[in-house]
Amino acid sequence: MPEEITSVILGSTGEFKAEHNEGEPEYVYVKPITKEAAQSNLLIATKSGQHVTLELVSDGAGLANQSQPVDFLIEYRASRSFLIADDSPTPAMPSRPGKQPDHDTGAGEASSGFVPLSSLDEEFKQQQKINAPKWTKWQDKQIETSIGDMRQLINDSVISYSILNSSNEPVEIVPPQIQITGRQAAKKKKKEGKGIISDQLEIRDYRLSTTRLEPGERADGVVVFDRPNFKESTEKLFLQIAQADQVDRPVLIRLPFTPPISGDGK
């Protein structure tokens, strides 16, 4: 689950077992305890008031090819939301998961890790508190950029950043992307050279205070993305930031492949 679990209610306690402990507050372990075919509902409640209902189905152990156990992970994530800042001093944040409809359609997703919402929001707030970021200018660009912390949380990477409109005209920016580039494609013919392949990594979640920047205005953001476990020596990792009128000419900010800060680092 995306946050701490407060209660777990199982419909058929004689057919399934659901375990939850304080040491792993975001996980529920479920297994059938009967060899017969069984079915039950499982209700999970979180600290924000969100309720998720799952339907558990076991075909039983009497069927063919059922001698080996099957383990899998379902990760529940709320829909990705886009953040627009208002005029108040407190940054506007996405709706809490409890305000989402109580259904699980499309919510189950296998994954190796997940960044809790509270950790993402904390990174976002910390970036907004930086009064004087170290800005980097880009040739022929209206914007300047600054990179904040980059850390590893579970199996995801988190990068915080800021954007400044240093021009005299309004600027609109698009959501960030993470790009890995440098892998060489195998040449098809001897006459052809090797091409360079660039891939976009999956963006798990992000925060962005605004997409429209007036002259001298600043935007702050945080990106959570799936970083591969390894790469080729020629590959490089970039944060991609683009203006809406120049999406084909984005700013590419080189990122370290291994985050310099761990999830619990200060």
Side-chain angles (χ1 to χ4, degrees), residues 75 77 80 82-83 109-117 119-128 130 133-164 171 173-187 193-209 211 213 218-244 246-266:
E75 177 189 325
R77 291 190 295 157
R80 186 180 303 169
F82 193 75
L83 176 65
E109 181 176 336
S111 172
S112 59
F114 181 79
V115 179
L117 181 64
S119 299
L120 181 60
D121 290 343
E122 183 63 26
E123 287 294 317
F124 180 73
K125 293 177 182 179
Q126 289 297 326
Q127 185 65 20
Q128 288 188 313
I130 301 178
K134 184 178 179 181
W135 299 109
T136 299
K137 296 182 179 181
W138 301 89
Q139 186 176 4
D140 300 328
K141 299 296 180 185
Q142 296 173 272
I143 60 174
E144 300 179 14
T145 60
S146 177
I147 294 297
D149 288 340
M150 182 177 180
R151 67 179 65 225
Q152 183 172 345
L153 295 178
I154 311 178
N155 289 332
D156 293 325
S157 293
V158 182
I159 178 72
S160 56
Y161 65 96
S162 296
I163 304 171
L164 175 67
V171 171
I173 55 177
V174 299
Q177 298 290 332
I178 299 295
Q179 180 184 125
I180 187 167
T181 184
R183 181 162 54 91
Q184 294 183 334
K187 56 184 179 181
K194 292 184 178 180
I196 302 299
I197 297 178
S198 297
D199 294 322
Q200 299 290 342
L201 301 183
E202 179 185 359
I203 299 293
R204 286 288 195 144
D205 203 354
Y206 69 92
R207 299 286 184 270
L208 188 60
S209 56
T211 57
L213 296 175
R218 163 184 165 183
D220 298 293
V222 176
V223 182
V224 183
F225 62 95
D226 281 338
R227 194 214 68 178
N229 294 327
F230 56 87
K231 70 177 185 67
E232 297 180 5
S233 60
T234 57
E235 291 180 308
K236 297 178 178 61
L237 196 64
F238 295 95
L239 170 64
Q240 178 178 312
I241 298 175
Q243 298 177 205
Q246 300 180 19
V247 293
D248 59 328
R249 298 173 55 202
V251 170
L252 297 178
I253 306 172
R254 177 77 179 273
L255 302 176
F257 184 76
T258 302
I261 305 176
S262 63
D264 55 355
K266 301 299 182 181

Next item on the list: Using the salt bridge (charged side-chain N to carboxylate O under 4.0 Å, His left out) rule, take Glu123 and Arg207 through it: C-alpha gap first, then chi angles, then the decisive distance, then the call.
Entry: CA-CA 10 Å; Glu123 287 294 317; Arg207 299 286 184 270; over 6 Å; no
Check: In this structure, which one of Gln127, Gln128, Glu144 forms a side-chain hydrogen bond (donor to acceptor under 3.5 Å, both in side chains) with Ser162?
Finding: Gln127
Margin query: If I take atom CG from residue Leu120 and atom CG from residue Asp205, how far apart are they, to the nearest 0.5 angstrom?
Written below: 5.0 Å
Margin query: I want to check something: taking the side chain as every heavy atom from C-beta on, are Val158 and Met150 in contact at a cut-off of under 4.5 Å?
Written below: no
Check: In Å and rounded to the nearest 0.5 Å, what is the CZ to NZ distance from Arg254 to Lys236?
Finding: 5.0 Å
Checklist line | Nearest heavy atoms of Thr181 and Phe238, plus distance in Å | finding: CG2-CE1, 3.2 Å
Check: Roughly how far, to the nearest 0.5 Å, is CG of Leu213 from CD of Gln243?
Finding: 9.0 Å
Next item on the list: Search all heavy atoms of Gln240 against all heavy atoms of Pro250 and return the closest pair with its distance.
Entry: CG-CB, 3.5 Å
Check: Do the non-hydrogen side-chain atoms of Leu252 and Gln179 ever get within less than 4.5 Å of each other?
Finding: yes
Next item on the list: Report yes or no: do Gln126 and Ser160 form a side-chain donor-acceptor pair below 3.5 Å?
Entry: no
Check: What's the verdict on side-chain contact (heavy atoms from CB on, under 4.5 Å) for Tyr161 and Asp149, showing C-alpha distance, side-chain angles and the deciding distance?
Finding: CA-CA 8 Å; Tyr161 65 96; Asp149 288 340; over 6 Å; no
Notebook entry, point to check: Which atom pair, heavy atoms only, marks the closest approach of Leu237 to Phe257?
Noted result: CD2-CA, 4.4 Å
Next item on the list: Taking all non-hydrogen atoms of both residues into account, name the closest pair between Phe225 and Ile159 and its distance.
Entry: CE2-CG2, 4.0 Å
Check: Where do Asp226 and Leu201 land on the side-chain contact (heavy atoms from CB on, under 4.5 Å) test, with the steps shown first?
Finding: CA-CA 6 Å; Asp226 281 338; Leu201 301 183; 5.8 Å; no
Item checked: No-hydrogen, no-angle side-chain donor-acceptor test under 3.5 Å, Trp135 and Thr145 -> no
Check: Are there more than 12 heavy atoms of other residues, nucleotides or ligands under 6.0 Å from atom NZ of Lys134?
Finding: no
Next item on the list: Report yes or no: does Glu235 contribute a side-chain atom to a donor-acceptor pair with the main-chain N or O of Glu232 at less than 3.5 Å?
Entry: yes
Notebook entry, point to check: How far apart are the C-alpha atoms of Gln177 and Ile241, what are their side-chain angles, what is the distance that settles it, and do they pass the side-chain contact (heavy atoms from CB on, under 4.5 Å) test?
Noted result: CA-CA 7 Å; Gln177 298 290 332; Ile241 298 175; over 6 Å; no
Check: If you look at every heavy atom in Pro259 and Arg151, which pair is closest and at what distance?
Finding: CB-C, 3.6 Å
Notebook entry, point to check: Quick one: do the Lys141 and Gln246 side chains pair a donor with an acceptor below 3.5 Å?
Noted result: yes
Item checked: Whether Gln152 side chain and Thr258 backbone form a donor-acceptor pair below 3.5 Å -> no
Check: How many angstroms lie between atom CD1 of Ile178 and atom CZ of Arg227, to the nearest 0.5 angstrom?
Finding: 12.0 Å
Checklist line | Nearest atoms (heavy-atom pairs only) where Ile143 meets Val171 | finding: CG2-CG1, 3.9 Å
Check: Is a side-chain donor or acceptor of Thr211 paired with a backbone partner of Ile173 at a separation under 3.5 angstrom?
Finding: no
Next item on the list: Compare all side-chain heavy atoms of Pro176 with those of Tyr206 and state whether any distance is below 4.5 angstrom.
Entry: yes
Next item on the list: Calculate, to the nearest 0.5 Å, the distance between atoms OG1 and CD1 belonging to Thr136 and Ile147 respectively.
Entry: 8.0 Å
Next item on the list: Could you please spell out the steps behind the side-chain contact (heavy atoms from CB on, under 4.5 Å) verdict for Arg218 and Ile163?
Entry: CA-CA 6 Å; Arg218 163 184 165 183; Ile163 304 171; over 6 Å; no
